[in-house]
Amino acid sequence: MFKQGPVDFDWRGLAPYWALVSKDPSLRAPSRIPRVGDLIDLEVALEEDRERPIEVLLARDARIGRELAAAGLDDRGLVLAWVDRVRSSPESPGQAIEALLRLSSLLLVGAGLLSGALAVAGWLWTGARVPVNVVQLWPALVGLQLVLAVFWVLVRLAPGWLTRSVGDGLSTWLPTAFGALAVRFAPPGARDAWNRFRALDRVYAGLRFWRATQLSQAFAVAFNVGALAALFFIPTVDDPAFGWRSRLMDAGELQRVTTVIATPWAAVWPDALPTRDEILATADSSLESAVDAEAGAAGHSEVWAAWWPFLVASFVVYGLLPRLVLRGVAGLRMRRLLGGIDFDHEGCVRLRERLRRPVVDGRAAGEEVTGAHPGSLEPPLAPLELPDRVQVVRWAGVPGTAEQLGERLARVFGVMVDGAETAGGLDLDADAAALAALRDAAAVLVVVEAWEAPSADYLDFLRKLRGGLGERAPVIVLTCDVGVDGQPTDVDPRHLALWRRHLAALADPWLRVEALPADARPRGAS
Amino acid sequence: MTAPVFAVVGHVNRGKSSVVSTLSADPSVAVDDTPGTTRAARAYPMRVDDEVLYTLYDTPGFERARHVLAWLRERETGTGERAALVRRFVDEHAGTGEFAPECELLKPILDGAGILYVVDASIPATPAVEAETEILRWTGRPRMALLNPIGERDFSAQWRPILDQYFSLVRVFDAHEADFARRIGLLRSLGELSEDWRPAIDRAIEVLDGDRGFRLRESARVVADALVDLVTHCEEKRLDSDAASDPEKSGLEARYYAQLAERELRLRRDLRRLHLHDDLQVEQAVTDAASVEQLDEDLFDLTTWSQLGLSRSQLAAAGAAAGAVVGAGVDVSVGGSSLLLGTAVGGIAGAASALWGFGQLAQVRVLGLQLGGRLLRIGPMSNRNFPWVILDRALVFHAAVAHRAHARRTPVDLRAAEGVVAALPRDVRGKLESAFEVLRKSPGPDALHAATASLAGEIEAILREREPGRSPPTPR
């Protein structure tokens, strides 16, 4: 029995395959095409990073890199995603430049529409009284555009040092001038960003030129649209007349010229070419009789009708279409250039390395629990006079025999050793025996290794010792040391100080810490 | 892949925390000659992204090992139950306050950690060692002994035969002097303790090597960036009069040297942070600013950037021409659609603004160009030795921090440090000098980028060459 209803498919089952795909660089999701604003924000961010402490950069980019790792981004996508993360705000310099460019484009379109309409209107209004001389109008409003468009194409495409240099010049200072003018109205941050962007022509070569071309051609397209709108609108409210006057051409030559000009549209709009009769009829000398000075051109629709279609077609074919093509080419080139940016300059290489490197950290996560020994801040105990006879405890590890030690103590301190016990060994019973033997002793010398840290084991023993002795019986902890050759050496003052600090924790007023010198100087000798 | 755990244990004050600090490259570990500084076991997981490759445990030192061993021996019933008895000891005493350090240090071992027993090779062996090593032996865990010479004397010969009885591996590791190569060497030894741990340790070594390479490369880049900034640095001040006064000069000079010193300090800070020595103190003979000041005595360049001695009409013509050029650009770019309006408007605007501003040259700008005034500029440093001095100091400082064990807490002493650059091979010096020459000529963006990249590459090669146990440069 087949199950009815929607298929119950668990998409989570695809996760391992997606993980496999995302790890294969060749299968990574294609990244979006950057915008000019992204590039500006990237350069601004990289520039600002130069002032940031390196550990801040490493930590930030490690975090972002981890967050982006799952997205399986290619090199470009990674950089763009990073820009999105670090962009200071929606009003970042790049975004501001983008907004400025969009505003500029709108303003240029508006200006183009207005200037195109006004330019044509200015010519045609005069035509209501005096016929407009087509031989002047066409070169001024159409021909010049065509010439400059051709020139533009030549300097961009034609080989040769001359055209290249002109093209390079145009592509360098023209957009620079445009940009400089535009950013003068931008906030200071955006101005700085634009200047930094300009400094990166090596990386983003050509972008500024094509963006400027996009803007200028938007103006030019709007200019032609405005001109055509005026051409269509003015005859509905006025009666402009067209004619021609030339000292260089006669009617036959003009017809040949107009025929060549009309070639592009001859097949689709044959009427948009004045006939020989119409050319003859609209010649300057003929117009004087044809146009009634009092009635103007009204009623002589055949006069303007002869040239109007020709002018409309000229604006469309030689004005509007080339500009649309140039605008389209500029758009495509921009898209191609932006799509071809692989972010391989030094700053981006470093950035990607920071984003992709494995973050190695061996440090502890939490706070460390530390504490100095309770007596470590206490002042060292003052010296204490020894009695003539003492008991000795020899801590395990103290070099030499008990007899040797007794002789040294006698030489150094002038004391007689009544008895020597051993403690600190593995046998704890020995400790207990020593403590028992020392009970009620008049004074005790505990000889320890100076190099050993005064651990809790020592403190325990000394507490028990004091418990057995009772108060007022002096206990001297005598630190000693040996050299690599096994011979006695002087105690390192740092070791002595450490012992003194630590034993101060016992708060025993009858306890002292001294050092056993290496030589056998009698007590009191210098 | 099993992520091994290692407990760093030993008697109090044997440098356990120093070993952990150096192995984990963590200078924040409390290292002190006061016994009992470490009160609780603390984990130092070696993480690569979210993966832990191994963990070190810093532990409190043994304080009453004799008593612990006595407790264990009293209750011993058979050799096979020793580890269980140690666990019982910890279970019975944990949280009671009695034998607190021993419980803390034994816990990670009983949970499966390998043992890294640290002794101070600069002091003689004592009977306490026997109790400690015996307890550790009872745990049955893989163990290695480290001879960590804290002082100047060397009792290694005395220690070796003792330690060889209890430990399968005995290594010398000076936690205060160990550079990166020695750190890796010790890690490799830890991998020998158990076959199960080797893959994780090998991977950790590979990752640490990669990370080291990144830090060297990044060090080279920050040194190169600093060199570029320092060599090309200028300070400028616009003057109201034709000549600069002495206070103006000295003020600008002070600012210039302060900026140089600040930049070099930033370089050092970056190098310290790159090598995880966050709060390192530095001792040196003379201040940086003072030593830099000795290099060049004549840095001033009183520059007239635009002193237009033109008449009113000439100025108007110049302004008109400048404006017309810009306007013509607009005309050309729109393919003549603007009917040369741009040229006309630009020319008029340029002429008008120039005329309006005549007599106020210092304040007037025509299309962004200030028309008058004088500029006092200091820098860039013309002394050819300047970049070499900076580079030398950077290399010396880098060596001091990059090869420094993280357990060391004493200041870096650069007073007796020997320079590096004089001993560089001739071809390397030549390549560096070529890059410096580019920087001295106030290069454009392209040349600047190329020179910076070239410097970074050469410096990275130098750093790798000077790396103990060096590896070839990573292909970029």
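In what follows, every chain begins at residue 1, and chains take the letters A, B, ... in the order their sequences are listed. Here the structure is a predicted model, which means the values were calculated and not measured.
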Could you check whether [X] pairs with [Y] (Lys NZ or Arg NE/NH1/NH2 to Asp/Glu carboxylate O, under 4.0 Å)?
| X | Y | answer |
| --- | --- | --- |
| B:Arg272 | B:Asp278 | no |
| B:Glu98 | B:Arg64 | no |
| B:Asp26 | A:Arg363 | no |
| B:Arg273 | B:Asp270 | no |
| B:Glu460 | B:Arg221 | no |
| A:Asp485 | B:Arg153 | no |

Measure distances from [X] to the heavy atoms of chain B and classify the residue's part below 4.5 Å as side chain, backbone, both or neither.
| X | answer |
| --- | --- |
| A:Asp492 | neither |
| A:Leu58 | side chain |
| A:Arg63 | neither |
| A:Val398 | neither |

Single hit among B:Arg183, B:His275, B:Arg217 for side-chain contact (heavy atoms from CB on, under 4.5 Å) with B:Arg212:
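Answer to the side-chain contact (heavy atoms from CB on, under 4.5 Å) test with B:Arg212 among B:Arg183, B:His275, B:Arg217: B:His275.
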Can you say whether [X] sits under 4.5 Å from chain A via the side chain, the backbone, both, or neither, judging by heavy atoms?
| X | answer |
| --- | --- |
| B:Ala25 | backbone |
| B:Arg263 | neither |
| B:His406 | neither |
| B:Leu274 | both |

Is the count of non-hydrogen atoms from other residues, nucleotides or ligands lying under 6.0 Å from A:Arg66 atom CZ greater than 12?
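Yes - once you tally the heavy atoms of other residues, nucleotides and ligands closer than 6.0 Å, there are more than 12.
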What option among [options] has the most heavy-atom pairs under 4.5 Å with chain B?
| options | value |
| --- | --- |
| A:Leu426, A:Leu326, A:Val147 | A:Leu426 |
| A:Glu449, A:Arg354, A:Glu452 | A:Glu452 |
| A:Arg50, A:Arg350, A:Glu51, A:Glu353 | A:Arg350 |

Give the member of [options] that has the highest number of heavy-atom pairs under 4.5 Å with chain A.
| options | result |
| --- | --- |
| B:Asp225, B:Val207, B:Leu69, B:Val222 | B:Asp225 |
| B:Arg14, B:Arg66, B:Met46, B:Arg47 | B:Arg66 |
| B:Pro127, B:Pro124, B:Ala131, B:Gly151 | B:Pro124 |
| B:Leu208, B:Asp229, B:Leu23 | B:Asp229 |
| B:Glu218, B:Glu130, B:Glu134 | B:Glu218 |

Centroid-centroid under 6.0 Å between B:Phe99 and B:Trp71 rings
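Judged by ring-centre distance (under 6.0 Å), B:Phe99 and B:Trp71 do not meet the cut-off.
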Kindly indicate whether the side chain of A:Phe315, heavy atoms from C-beta on, has any atom under 4.5 Å from the side chain of A:Leu141.
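Side chain of A:Phe315 against side chain of A:Leu141, heavy atoms only: contact under 4.5 Å found.
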